[in-house]
Amino acid sequence: QVQLVESGGGLVQAGGSLRLSCAASRSILSIDTMGWYRQAPGKQREYVAQISRSGITNYADSVKGRFAISRDYGKNTVYLQMNSLRPEDTAVYYCNVPSPVPSWGKGTLVTVSS
């Protein structure tokens with residue numbers, strides 16, 4: 001199992017940008033898929049984006065064109081660049097590795113003010 005630590009959350013005005021980081025406890029070279037999820041207050045956790053080992057990305061419709069996921073093998077880190085943020089993006093953002101053993105970070109809070 002890999003340990004994941006998210007960072008980079010904070011308070012930002014609508015239209016602003018943030019970059020989230022997810023640092024893994026070991027090399028991510030062997031990890032196929034890494035992703036981001038979010039959970040808004042009173043709502044279920046939802047999928048945001050994922051990236052494969054080959055660099056193929058996928059996004060939820062709600063963030064497509066505004067968010068970009070990337071991975072840095074040298075730093076064992078996955079990033080989520082978030083632009084044109086909206087109040088509805090307010091949530092705790094979690095990093096995820098689904099297999100072989102599902103791993104989650106503790107999350108980082110993003111608050112977007114209107």
Side-chain angles (χ1 to χ4, degrees):
Q1 188 175 19
V2 59
Q3 277 70 51
L4 304 169
V5 179
E6 303 93 338
S7 62
L11 174 63
V12 63
Q13 288 188 333
S17 298
L18 281 175
R19 188 177 78 158
L20 305 184
S21 300
C22 169
S25 59
R26 61 170 178 82
S27 172
I28 62 173
L29 280 172
S30 62
I31 299 176
D32 186 16
T33 300
M34 300 186 73
W36 287 92
Y37 285 71
R38 67 186 182 186
Q39 187 166 17
K43 296 188 177 181
Q44 290 189 333
R45 191 172 298 189
E46 65 175 6
Y47 166 81
V48 175
Q50 70 180 36
I51 184 167
S52 71
R53 188 165 46 191
S54 61
I56 297 173
T57 59
N58 184 270
Y59 300 92
D61 287 344
S62 58
V63 307
K64 203 171 292 184
R66 300 187 298 121
F67 291 11
I69 188 172
S70 60
R71 54 199 288 177
D72 185 330
Y73 291 100
K75 295 182 178 180
N76 297 324
T77 298
V78 175
Y79 300 100
L80 185 68
Q81 178 66 43
M82 307 186 297
N83 300 324
S84 301
L85 282 162
R86 305 167 180 169
E88 54 264 39
D89 295 318
T90 294
V92 177
Y93 284 72
Y94 297 91
C95 186
N96 168 257
V97 169
S99 65
V101 178
S103 299
W104 293 91
K106 293 184 178 180
T108 185
L109 176 63
V110 172
T111 303
V112 184
S113 63
S114 56

Is there a path of hydrophobic side-chain contacts, each under 4.5 Å between heavy atoms, that joins [X] and [Y]?
{"X": "Met34", "Y": "Val2", "value": "yes"}
{"X": "Val92", "Y": "Val97", "value": "no"}
{"X": "Tyr79", "Y": "Val12", "value": "no"}
{"X": "Ile51", "Y": "Val5", "value": "no"}
{"X": "Leu109", "Y": "Val63", "value": "no"}

Distance from [X] atom [atom1] to [Y] atom [atom2], nearest 0.5 Å?
{"X": "Gln50", "Y": "Ile56", "atom1": "CD", "atom2": "CD1", "result": "10.0 Å"}
{"X": "Ser21", "Y": "Leu80", "atom1": "OG", "atom2": "CG", "result": "9.5 Å"}
{"X": "Arg86", "Y": "Ser114", "atom1": "CZ", "atom2": "OG", "result": "14.0 Å"}
{"X": "Glu88", "Y": "Lys43", "atom1": "CD", "atom2": "NZ", "result": "8.5 Å"}
{"X": "Leu18", "Y": "Leu11", "atom1": "CG", "atom2": "CG", "result": "9.0 Å"}
{"X": "Asn76", "Y": "Cys22", "atom1": "CG", "atom2": "SG", "result": "10.5 Å"}

Check whether [X] reaches the backbone of [Y] with its side chain - one donor and one acceptor, N or O, closer than 3.5 Å.
{"X": "Tyr93", "Y": "Gln39", "value": "no"}
{"X": "Gln3", "Y": "Ser25", "value": "no"}
{"X": "Arg71", "Y": "Ile28", "value": "yes"}
{"X": "Glu6", "Y": "Gly107", "value": "yes"}
{"X": "Ser54", "Y": "Ser52", "value": "no"}
{"X": "Arg66", "Y": "Ser84", "value": "yes"}

Tell me the closest heavy-atom pair linking [X] and [Y], and the distance in Å.
{"X": "Val110", "Y": "Met82", "value": "CG2-CE, 3.8 Å"}
{"X": "Thr90", "Y": "Pro41", "value": "O-CD, 4.2 Å"}
{"X": "Pro87", "Y": "Ala14", "value": "CD-CB, 4.1 Å"}

All side chain to side chain donor-acceptor pair (under 3.5 Å) counterparts of Lys64, not counting sequence neighbours: Asp61
Test item: Thr57 and Tyr59 side chains (from C-beta on) under 4.5 Å apart, heavy atoms: yes
Side-chain touch Arg38/Asp89, heavy atoms, less than 4.5 angstrom: yes
Pairs meeting criterion disulfide bond (SG atoms under 2.5 Å apart) with involvement of residues 33-77, two or more places apart: none
All pairs passing side chain to side chain donor-acceptor pair (under 3.5 Å) where residues 95-109 contributes a residue, at least two apart: none
Side-chain donor-acceptor pair present, Asn83, Ser17, cut-off under 3.5 Å: yes
Check: Tyr94 ring centre within less than 6.0 Å of Tyr37 ring centre: no
Greater than 12 external heavy atoms within 6.0 Å of Gln1's CD: yes
